[in-house]
Amino acid sequence: MRRGNVSHHLFNLPNVAAELFRAPVASDFDGAVRSSHAPRFLLLYGSLREKSYSRLLTMEAARLLEAMGGEVKIFDPHGLPLPDEQPDSHSKVQELRALAQWAEGMVWCSPERHGAMTGIMKAQIDWIPLAIGAVRPTQGKTLALMEVSGGSQSFNALNQMRILGRWMRMITIPNQSSVAKAFLEFDDTGRMKPSAYYERVVDVMEELFKFTLLTRDVSSFLVDRYSERKESGEALSKRVNQKSI
């Protein structure tokens, strides 16, 4: 992609390194090579119960994404240790991290417990690091959020996960789904009943799919930061100019 030209207005920015400053322009997106494979989605849910409504809602989301043409994988949190309980070489941790790197978008779905997301949900997110070597497994990827609750509609878990999505440097879509009294919203076969809640899930998955198509091939440009270019430049200069090896 094109490197933005240094503006003549830079003399007003004495604290900016001119050689690293880039002015984004619309044509920066023209050189993106468009992917031909189906968008890839990783779905996480936050309950180990045999009849888990967050899992059932996640499965509905998976069906919708697949119907739109996406490739979907759902991570089963059974057997995932607590963070720091086991080394990151644990098989379930490695499975989760591999899926996080594979995915171009994610869906996080948690029950609300004691006014918050569940520990099971948080543990999965905590096992996904901000960086693995030089690879950032979540940066620039899209994220959709959903929650289920046993009582009235709430957004506590959604708000917490939205903060985490920002911390993980993800593109968290504006729309979201909160299903109240989830035990009333699924039939005996585990399928979600027709309702405004279901229609919102359709909306959220549609929006996630669109945002993923829009951003997946330009995510490296979207997350390219001046501060990190400067940090990398300083590290390179120090390494090149060292007096002895």
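What you are looking at is a predicted structure, and each value in this text was computed from that prediction instead of being measured.
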Peer 1: Nearest 0.5 Å, what's the CG-CG distance between L99 and L42?
Peer 2: 5.5 Å
Peer 1: Restricting to non-hydrogen atoms, name the atom on A38 and the atom on G69 that form the minimum distance, rounded to 0.1 Å.
Peer 2: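 Looking at all heavy atoms of both residues, the shortest contact is CB-O, 3.2 Å.
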Peer 1: Above 12 or not: heavy atoms from other molecules or residues under 6.0 Å from CZ of R200?
Peer 2: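 Count not over threshold, so no.
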Peer 1: Please determine if R34 and D217 form a salt bridge, counting it only when a charged side-chain N lies under 4.0 Å from a carboxylate O.
Peer 2: yes
Peer 1: Give a yes/no verdict on a cation-pi contact between K230 and F21, requiring under 6.0 Å between NZ or CZ and the six-membered ring centre and an angle within 45° of the axis.
Peer 2: no
Peer 1: Do the side chains of E228 and R169 get close enough for a salt bridge, i.e. N-O under 4.0 angstrom?
Peer 2: yes
Peer 1: Count I, L, V, M, F, W, Y as connected when their side-chain heavy atoms are under 4.5 Å apart, and connections chain through other members. Are V93 and L130 then in the same cluster?
Peer 2: yes
Peer 1: Thinking salt bridges, do R216 and E104 make one under a 4.0 Å N-O criterion?
Peer 2: yes
Peer 1: Within a strict 4.5 Å, meaning less than it, do heavy atoms of the T172 and F211 side chains meet?
Peer 2: no
Peer 1: Would you compute the distance between atom CD1 of I171 and atom CE of M106 and round it to the nearest 0.5 angstrom?
Peer 2: 12.5 Å
Peer 1: Of R191, M146, R55, M205, which meets side-chain contact (heavy atoms from CB on, under 4.5 Å) against E60?
Peer 2: R191
Peer 1: Please confirm whether Y53 and F183 have ring centers closer than 6.0 angstrom.
Peer 2: no
Peer 1: Distance-only, no hydrogens or angles: does the K122 side chain make a donor-acceptor pair with backbone N or O of G46 under 3.5 Å?
Peer 2: no
Peer 1: I need the minimum non-hydrogen distance between P81 and W127, along with the two atoms involved.
Peer 2: O-NE1, 2.7 Å
Peer 1: Within the 3.5 Å criterion, strictly below it, is a donor on R162 or Q176 matched to an acceptor on the partner's side chain?
Peer 2: yes
Peer 1: Under 6.0 Å from the CH2 atom of W102, do we count more than 12 heavy atoms belonging to anything else shown?
Peer 2: yes
Peer 1: Can you tell me how far the CD atom of E112 sits from the OG atom of S178, to the nearest 0.5 Å?
Peer 2: 7.5 Å
Peer 1: Does NE2 in H114 sit with more than 12 non-hydrogen atoms of other residues, nucleotides or ligands closer than 6.0 Å?
Peer 2: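 Open: at most 12 neighbouring heavy atoms sit under 6.0 Å from NE2 of H114.
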Peer 1: Under a 4.0 Å N-O cut-off, is there an ion pair linking K92 with D76?
Peer 2: no
Peer 1: CZ of R225: more than 12 outside heavy atoms within 6.0 angstrom?
Peer 2: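 Counting neighbours around CZ of R225, more than 12 heavy atoms of other residues, nucleotides or ligands fall under 6.0 Å, so yes.
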Peer 1: Below 4.5 Å, heavy atoms only, C-beta onward: do W108 and T58 meet side chain to side chain?
Peer 2: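 Contact flag for W108/T58 side chains = no.
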Peer 1: When you measure from the side chain of K141 to the backbone of T212, do you find a donor-acceptor pair of N or O atoms at a distance under 3.5 Å?
Peer 2: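 Flag not set: sc K141 to bb T212 has no pair under 3.5 Å.
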Peer 1: Check the side chains of E95 and H90 for a donor-acceptor pair under 3.5 angstrom, ignoring hydrogens and angles.
Peer 2: no
Peer 1: Checking F41 now: which residues fulfil ring pair (Phe, Tyr, Trp, His ring centres under 6.0 Å) with it, not counting sequence neighbours?
Peer 2: F209
Peer 1: Hey, is R22 close enough to D28 for a salt bridge, meaning N to O under 4.0 Å?
Peer 2: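 The answer is no: the pair does not qualify as a salt bridge.
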Peer 1: Under a single-linkage definition using a 4.5 Å side-chain heavy-atom cutoff for Ile, Leu, Val, Met, Phe, Trp and Tyr, are L82 and I120 assigned to the same hydrophobic cluster?
Peer 2: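 In one cluster with L82: I120, no.
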Peer 1: Any side-chain heavy-atom pair from M170 and T142 closer than 4.5 angstrom?
Peer 2: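 No. Closest side-chain heavy atoms not under 4.5 Å.
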Peer 1: Look at the side chain of Y226 and the backbone N and O of A17, then say whether any donor-acceptor pair between them is shorter than 3.5 Å.
Peer 2: yes
Peer 1: Is it true that S54 and S47 share a donor-acceptor pair across their side chains at a distance under 3.5 Å?
Peer 2: no
Peer 1: Tell me the closest heavy-atom pair linking Q160 and M117, and the distance in Å.
Peer 2: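 Closest heavy-atom pair between Q160 and M117: OE1-N, 2.8 Å.
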Peer 1: Would you say V33 and V223 are hydrophobically clustered, going by side-chain heavy atoms of ILVMFWY under 4.5 Å?
Peer 2: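 Different clusters.
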Peer 1: Assess, by modelled atom type and distance only, whether the side chains of S110 and E147 contain a donor and an acceptor separated by less than 3.5 Å.
Peer 2: no
Peer 1: Between T215 and L222, does the side-chain contact (heavy atoms from CB on, under 4.5 Å) criterion hold? Intermediate values first, please.
Peer 2: CA-CA 8 Å; T215 63; L222 292 174; 4.0 Å; yes
Peer 1: Would you compute the distance between atom CG of L158 and atom CD1 of I163 and round it to the nearest 0.5 angstrom?
Peer 2: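 Answer for the CG-CD1 pair, L158 versus I163, is 11.5 Å.
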Peer 1: Do V179 and S149 come close enough that some side-chain heavy atom pair is under 4.5 Å?
Peer 2: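 No. Closest side-chain heavy atoms not under 4.5 Å.
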Peer 1: Are L44 and L48 connected in a single hydrophobic cluster, I mean Ile/Leu/Val/Met/Phe/Trp/Tyr linked by side-chain heavy atoms less than 4.5 Å apart?
Peer 2: no
Peer 1: Side chains of L56 and V148: closer than 4.5 Å at any heavy-atom pair?
Peer 2: no
Peer 1: Indicate yes or no for a side-chain donor-acceptor contact from S195 to the backbone of Y197 under 3.5 Å, with no hydrogens or angles considered.
Peer 2: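 A pair under 3.5 Å: yes.
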Peer 1: Hydrophobic clusters here meaning ILVMFWY residues chained together by side-chain heavy-atom distances under 4.5 Å, can you tell me if L208 and L214 are in one?
Peer 2: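 No.
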Peer 1: What are the two closest non-hydrogen atoms of P174 and E207, and how far apart are they?
Peer 2: CD-OE2, 3.1 Å
Peer 1: Go through the steps for I128 and M168 under the test side-chain contact (heavy atoms from CB on, under 4.5 Å), then give the verdict.
Peer 2: CA-CA 9 Å; I128 304 173; M168 302 294 280; 3.9 Å; yes
Peer 1: In Å and rounded to the nearest 0.5 Å, what is the CD to CD distance from E71 to E66?
Peer 2: 9.0 Å
Peer 1: I need the minimum non-hydrogen distance between Y45 and F75, along with the two atoms involved.
Peer 2: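 It is CE2-O, 3.4 Å.
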Peer 1: If I compare all heavy atoms of A144 with all of V204, which pair ends up nearest, and what's the gap?
Peer 2: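 Shortest heavy-atom separation between A144 and V204 comes out as CB-CG1, 3.8 Å.
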Peer 1: Enter the distance from E185:CD to L57:CG here, rounded to the nearest 0.5 Å.
Peer 2: 10.0 Å
Peer 1: What do you reckon, is CG of D187 surrounded by more than 12 foreign heavy atoms closer than 6.0 Å?
Peer 2: yes
